[in-house]
Amino acid sequence: MTPNAPPPTAPSTGAFLLERLRKRSDFLRAAKAARAPAPGFLLQGRQRHADEETTPGTIRVGFTCSKKVGNAVARNRAKRRLREIARLILPLEGRPGWDYVLVGRPAVTAALPFDQLKTDLSRALKKVHR
RNA sequence: GCGGAGGGUCGGAUGGCCGCGGGGCCCGAGGCUCCGAGGAAAGUCCGGACUCCCUGAAGCAACGGUGCCGGGUAACGCCCGGGCGGAGCAAUCCGACGGAAAGCGCCACAGAAAACAAACCGCCGGUCGUUCGACCGGUAAGGGUGAAACGGUGGGGUAAGAGCCCACCGCGGGACGGGCAACCGGACCGGCACGGCAAGCCCCACCGGGAGCAAUGCCAAAUAGGGAUCUCGCGGGGCGGAUAACCCCAGGGCCGCUUCAGCCCGAGAGAUCCGGGUUGGCAGCUAAAGCCAGCGGGCGACCGCUGGCAUAGAGGAAUGGUCAUCCAUGGGCGGGGCAACCCGCCCUGGACAAAAUCCGGCUUACAGACCCUCCGCGCGG
RNA sequence: UGGGGUGUAGCCAAGCGGUAAGGCAGCGGUUUUUGGUACCGUGUACCGUAGGUUCGAAUCCUACCACCCCAG
């Protein structure tokens with residue numbers, strides 16, 4: 001009964017520390033950089049400059065769900081799902097020294113199957129890294 | 001049983017794996033353990049608590065709000081009870097419900113006339129006149145217009161009419177009685193005088209300083225123009241040796257105005273101290289006019305006493321992701337049964353809406369389930 | 001958290017108690033060989049939604065909805 005049941009995909013080791021974006025200016029800088037649309041969300045990403053006062057080698061990530069996504073319940077749910085895929089995928093496939101921003105979309109971010117969101121994030125990351 | 005009225009409660013459950021915020025413990029990387037959204041957390045429409053700002057008190061003015069009466073409350077525009085008006089057979093529900101004889105304003109079109117009495121067609125009398133009619137006077141019953149036309153119906157009366165007179169109804173006043181009051185009843189009197197709109201201005205009564213937890217306080221870091229305190233000094237006159245003390249007279253400023261009280265300034269110089277905006281951290285920050293139970297008072301809102309409980313505190317903002325089973329819901333298939341329905345399997349899939357300083361209300365949204373009380377009709381006893 | 005504003009035809013809009021201007025666009029016509037221009041004519045409004053006040057509401061009042069802006 002237990003032969004499959006692989007270990008969970010979450011990296012318990014924490015190869016790279018995830019940090020949260022908190023300043024508006026960081027979000028604005030990320031918005032001007034490369035972007036990769038996905039069915040359930042929009043990914044923005046960029047490599048930080050050396051002169052920015054951040055701990056190098058960390059991956060930073062932010063989440064945005066505007067009023068277009070819906071009311072507070074819908075926005076919170078979309079942000080939680082985005083946060084969850086970021087927690088599962090970014091430590092494995094993200095690049096240290098980069099900032100990422102995930103933007104929620106109305107209806108679909110909360111409705112798509114969870115596995116599809118994860119594979120979409122992997123694909124979008126490859127696109128942004130080019 | 002059918003139909004209806006009012007009120008209340010709940011608003012998925014359990015578990016596995018991986019996570020999030022906060023508290024506590026372990027020496028630490030890290031681990032263990034406990035707690036972690038709502039009845040509306042919402043809209044931000046009212047009322048407060050709490051902070052900071054503003055010389056104080058009284059009166060006036062302005063502005064804003066409330067608006068039948070009484071009570072409850074920290075307070076309210078909320079709640080309870082009562083009155084009045086309206087809807088309903090009823091339970092019950094609804095009502096911005098003070099004042100139009102303080103004043104101003106408005107009432108389109110139609111109509112003779114729209115608020116103060118008047119008179120277009122009429123009706124009646126008189127004069128003139130061949131008829132049609134003209135003029136003078138009386139009248140407001142009839143006609144027509146309008147949302148609204150100056151009491152209604154009947155009778156008497158009259159030249160024709162009219163509260164001119166009478167009866168009933170309406171209206172106004174009202175001794176007296178009931179009620180804390182709103183208000184209710186009302187002998188009797190008046191003969192009709194008083195159109196509507198105050199969610200038009202307004203009048204009356206009552207209430208109200210301003211800003212808001214991004215308030216405000218503290219700490220640390222890095223940088224330029226300002227303020228506070230103290231000392232010296234400071235208008236005119238009197239007294240005096242005196243820039244001292246005391247007294248008198250002035251000037252300016254401090255709440256929108258006035259009065260009273262009070263305070264400050266009034267030549268500058270020196271010394272000391274502080275602030276402002278930026279970034280980060282800490283506090284404010286969760287014990288709340290709190291919740292539950294019992295007893296007592298009150299028609300009730302609610303109040304009092306006793307006992308018990310400790311119940312989210314984030315800060316680009318935690319309370320989740322995913323899977324399984326069950327429950328509610330909807331659908332399909334099969335079986336049993338006359339039927340209502342029952343059993344099994346499969347699929348579907350969970351109302352509204354998420355704390356942001358806290359509390360009392362209001363308003364709005366809400367799949368479904370359950371409970372209590374009452375009313376009408378039918379049937380049975 | 002607090003404050004302010006807007007909503008009228010497909011678009012821009014006036015009107016603030018008495019039955020909804022104007023312009024652009026649209027449609028039809030005249031002029032032109034045709035198109036454009038010019039001229040003439042014409043349709044289109046539950047006045048954001050729902051109640052209320054009033055004889056009468058786009059206008060006044062109340063609640064709600066949507067959008068926009070401002071301050072710390």
Side-chain angles (χ1 to χ4, degrees):
Chain A
M1 283 301 174
T2 56
N4 46 4
T9 50
S12 56
T13 55
F16 303 105
L17 293 177
L18 275 180
E19 228 171 72
R20 189 69 56 81
L21 290 184
R22 291 174 194 281
K23 287 189 187 173
R24 177 171 168 76
S25 50
D26 287 333
F27 280 88
L28 291 178
R29 274 198 287 266
K32 288 184 198 161
R35 53 180 58 194
F41 54 87
L42 174 72
L43 175 72
Q44 302 165 337
R46 67 176 191 110
Q47 189 166 17
R48 291 195 297 276
H49 296 297
D51 55 348
E52 290 178 39
E53 295 177 1
T54 57
T55 36
T58 57
I59 300 175
R60 300 200 303 171
V61 62
F63 306 93
T64 294
C65 286
S66 72
K67 265 180 146 180
K68 291 180 198 162
V69 174
N71 61 15
V73 175
R75 292 200 301 272
N76 282 345
R77 177 164 169 80
K79 268 193 278 189
R80 286 190 209 110
R81 300 192 93 207
L82 292 178
R83 211 156 45 211
E84 193 69 10
I85 61 171
R87 187 177 69 84
L88 293 173
I89 303 294
L90 276 182
L92 300 176
E93 303 183 22
R95 293 188 180 172
W98 279 58
D99 285 353
Y100 301 98
V101 171
L102 288 163
V103 182
R105 290 186 191 275
V108 289
T109 303
L112 281 182
F114 194 66
D115 287 337
Q116 187 189 338
L117 281 182
K118 289 200 284 189
T119 53
D120 283 346
L121 178 58
S122 301
R123 205 168 299 143
L125 278 173
K126 286 176 192 136
K127 194 168 173 187
V128 163
H129 287 154
R130 282 197 308 243

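The model shown is predicted, which means the values in this text are computed figures rather than measured ones. Within every chain, numbering begins at 1; the chains are lettered A, B, ... in the order of the sequence lines, protein sequences first and strands thereafter.
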*Ignoring backbone atoms, establish whether A/R83 has a side-chain N or O less than 4.0 Å from OP1 or OP2 of B/G21.*
no

*Can you name the residues that form a side-chain hydrogen bond (donor to acceptor under 3.5 Å, both in side chains) with A/E93, not counting sequence neighbours?*
A/S122

_Test side-chain contact (heavy atoms from CB on, under 4.5 Å) applied to A/R105 - qualifying residues, sequence neighbours left out_ = A/P37, A/L42, A/V108, A/T109

*Complementary nucleotide for B/A324 - Watson-Crick or wobble, under 3.5 Å*: B/U14

*Output the single nucleotide from B/A353, B/C18, B/U322 whose closest atom is nearest the side chain of A/E84.*
B/C18

*5' precedence on RNA chain B between A/V73 and A/F63 (nearest-nucleotide basis)*: A/F63

_Quick test of your reading of the model: are A/R81 and A/E84 salt-bridged, counting only N-O distances below 4.0 Å?_
no

*Does A/R75 have any side-chain contact (heavy atoms from CB on, under 4.5 Å) partners at least two apart in sequence or in another chain, and if so, which?*
A/C65, A/K67, A/V69, A/A72

*Taking for each residue the nucleotide of RNA chain B with the nearest heavy atom, is it A/N76 or A/K79 whose nucleotide lies nearer the 5' end?*
A/K79

_From the set B/U322, B/C18, B/A37, return the single nucleotide nearest to any side-chain atom of A/R87._
B/C18

*asked:* Test of understanding: with salt bridge (Lys or Arg N to Asp or Glu O under 4.0 Å), list the residues that count as partners of A/R123, not counting sequence neighbours.
replied: A/D120

Any protein N or O atoms within reach of nucleotides 312-314 of chain B? Criterion: under 3.5 Å, listing atom names and distances.
none

_Suppose we screen for side-chain hydrogen bond (donor to acceptor under 3.5 Å, both in side chains). Which residues come up paired with A/Q44, at least two apart in sequence or across chains?_
none

*When you check the glycosidic angle of B/U311, does it come out syn, meaning within 90° of 0, or anti?*
syn

